[in-house]
Each structure stands twice: as structure tokens, then as C-alpha cells.
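Some notes on the structure that comes next.
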Amino acid sequence: MTFIQHYDSPLGGILLAADEIGLTGLWFDGQKYFARDLPAERIDRDTPILSEARHWLDVYFTGKEPDFLPPLHPMGSAFCQSVWEILLRIPYGQTTTYGEIARQLAEKKGLHQMSAQAVGGAVGHNEISIIIPCHRVVGTNGSLTGYAGGIDRKVKLLELEHTDVSGFFVPKKGTAL
């Protein structure tokens with residue numbers, strides 16, 4: 001069964017979803033791909049997992065790095081799972097690039113190279129934003145691309161983490177807008 005709860009964040013409403021194993025979704029209201037894979041059968045009820053996720057968000061939105069991780073249960077292909085594992089290792093307040101994630105994956109799999117675009121697709125299909133920190137991934141040239149919650153929120157999340165965003169820019173056109 002899937003359980004849902006709403007959370008009011010400083011950046012707008014958030015829908016949380018969880019099953020008996022862990023958090024399965026975290027979406028800003030109205031974002032791109034909002035609750036895309038959320039089952040039609042769901043119950044609006046608090047659970048220990050949802051309570052822990054809300055507590056994590058409470059700590060996070062005070063501008064502090066939470067020292068715990070709620071149970072997570074992201075759904076996706078093996079490739080997506082491997083990308084999301086790397087996202088979870090991006091330190092609070094820091095960023096990495098799609099190309100760097102591709103390099104890490106290629107190295108792990110013993111390949112010469114991996115597509116940064118494929119990595120971008122997996123990052124974009126992350127259903128547990130903020131906690132699996134896809135907002136910390138930027139273009140190699142410093143462009144703030146690819147955040148389903150919107151570029152303005154991506155910037156605010158990075159600023160909340162005290163990330164120096166002065167070297168980044170919003171592209172004039174592309175998938176991020």
C-alpha cells in the first residue's frame with residue numbers, strides 16, 4: 001500500500017509518498033512529472049516513514065544538514081538506481097556534473113565512457129527530490145539545468161545549503177526552463 005502526506009515547505013507544498021519499506025516519492029506541487037508513478041490506490045495517512053521524512057525536511061529547511069536519512073525505496077531501473085546512489089553521496093552544499101557522474105559510473109562498470117545524457121535522464125527521473133539531491137547536479141559549463149521542481153527552486157535549495165552559486169547561470173533555452 002502507498003501512503004501519502006502533504007508537507008508545507010518554504011518553497012511550496014510537497015507531496016510525500018511511502019510504502020512499508022521507505023519513501024517512494026517527494027514532489028513539489030505542480031512540478032514537472034508530478035507524482036508520475038504514484039499508484040491510484042493510496043491512503044492519506046501518517047506513517048513512521050512519512051513522519052521521519054517530514055522531520056528530515058524540517059531540519060533541512062532550517063539550513064542545516066540532516067544527520068540521518070529516512071528509509072528510502074526509490075523505484076527505477078538498475079541504471080537509475082546506480083545514478084541515484086551516486087546522488088546520495090554528493091556532499092551537502094556541494095555540486096557535481098552530469099559528466100562527472102557518467103565518469104564515475106563508467107569507472108565502476110569498467111567502461112571507457114558513459115553518456116552524460118543518459119545520466120541526465122536518470123537524474124530527471126528521480127522521484128525523491130531534495131533527499132536524493134538531484135538539485136546538486138549542474139552542467140559542466142556551470143549551467144543550472146534539469147530540475148523538475150524548477151530552476152528557481154534549484155537555486156534556492158543550493159543557497160539554503162550555503163553553496164556558492166555565483167559561478168552558475170540559467171540557460172536561455174533548453175529542458176531546464
Side-chain angles (χ1 to χ4, degrees), residues 1-96 98 101 104-105 108 119-138 144 146-163:
M1 178 53 65
T2 298
F3 303 95
I4 61 167
Q5 287 273 279
H6 282 86
Y7 178 86
D8 291 323
S9 88
L11 301 181
I14 290 174
L15 177 64
L16 298 166
D19 59 17
E20 295 81 5
I21 298 169
L23 195 67
T24 58
L26 187 161
W27 306 274
F28 282 106
D29 290 345
Q31 79 170 47
K32 188 176 182 181
Y33 311 125
F34 179 80
R36 169 185 51 213
D37 295 324
L38 188 64
E41 286 190 37
R42 54 188 180 257
I43 299 172
D44 191 341
R45 181 186 322 150
D46 196 13
T47 68
I49 291 167
L50 291 171
S51 179
E52 194 168 342
R54 284 194 320 278
H55 178 61
W56 189 98
L57 290 167
D58 287 343
V59 172
Y60 180 83
F61 282 116
T62 66
K64 297 177 186 163
E65 178 181 8
D67 62 358
F68 66 97
L69 195 63
L72 302 176
H73 191 206
M75 309 285 187
S77 69
F79 177 75
C80 286
Q81 296 282 344
S82 63
V83 170
W84 300 335
E85 286 174 22
I86 291 173
L87 295 181
L88 283 166
R89 294 195 303 263
I90 304 169
Y92 179 90
Q94 296 183 30
T95 60
T96 193
Y98 298 97
I101 293 171
Q104 289 178 36
L105 283 173
K108 181 179 177 181
V119 166
V123 170
H125 286 87
N126 170 26
E127 298 269 331
I128 308 174
S129 66
I130 306 174
I131 295 175
I132 298 179
C134 51
H135 62 279
R136 296 181 189 152
V137 184
V138 299
L144 295 171
Y147 191 63
I151 294 299
D152 290 346
R153 283 194 184 118
K154 182 172 188 164
V155 170
K156 288 177 181 170
L157 291 170
L158 291 172
E159 290 173 341
L160 182 71
E161 295 181 14
H162 313 289
T163 307

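Residue numbers start at 1 and run along the sequence shown.
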Return the minimal non-hydrogen interatomic distance between [X] and [Y], and the atom names on each side.
X	Y	result
L50	D46	CB-OD1, 3.9 Å
A18	I49	CB-CG2, 3.8 Å
D19	H73	OD2-ND1, 2.5 Å
W84	H125	CZ2-O, 3.4 Å
P133	I90	O-CD1, 4.3 Å
K154	V137	NZ-O, 2.6 Å

Quick check: do [X] and [Y] have side-chain heavy atoms less than 4.5 Å from each other?
X	Y	result
F61	I130	yes
L88	L72	yes
E127	P74	no
D29	H6	yes
V119	F79	yes
W27	L38	yes
L160	L11	no

Audit row: L157, Y147, side chain to side chain contact (heavy atoms under 4.5 Å, CB included) steps and yes/no: CA-CA 11 Å; L157 291 170; Y147 191 63; 3.3 Å; yes
Rounded to the nearest 0.5 Å, how far apart are [atom1] of [X] and [atom2] of [Y]?
X	Y	atom1	atom2	value
E41	T2	CD	OG1	9.0 Å
F3	D44	CZ	CG	11.0 Å
R153	S9	CZ	OG	7.0 Å
M75	C80	CE	SG	13.0 Å
E85	L105	CD	CG	9.5 Å

The single option from I132, I131, I128 passing side chain to side chain contact (heavy atoms under 4.5 Å, CB included) against L87: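 That would be I132; it is the only one of I132, I131, I128 passing the side chain to side chain contact (heavy atoms under 4.5 Å, CB included) with L87.
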T95 side chain vs R136 backbone, donor-acceptor pair below 3.5 Å: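 The answer is no, because no donor-acceptor pair under 3.5 Å joins these two groups.
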Ring geometry between Y60 and H135 (parallel below 30°, tilted from 30 to 60°, perpendicular above 60°):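 Answer is perpendicular, since the angle exceeds 60°.
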Within 6.0 Å of CG in D58, more than 12 heavy atoms from elsewhere: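 Enclosed: over 12 neighbouring heavy atoms sit under 6.0 Å from CG of D58.
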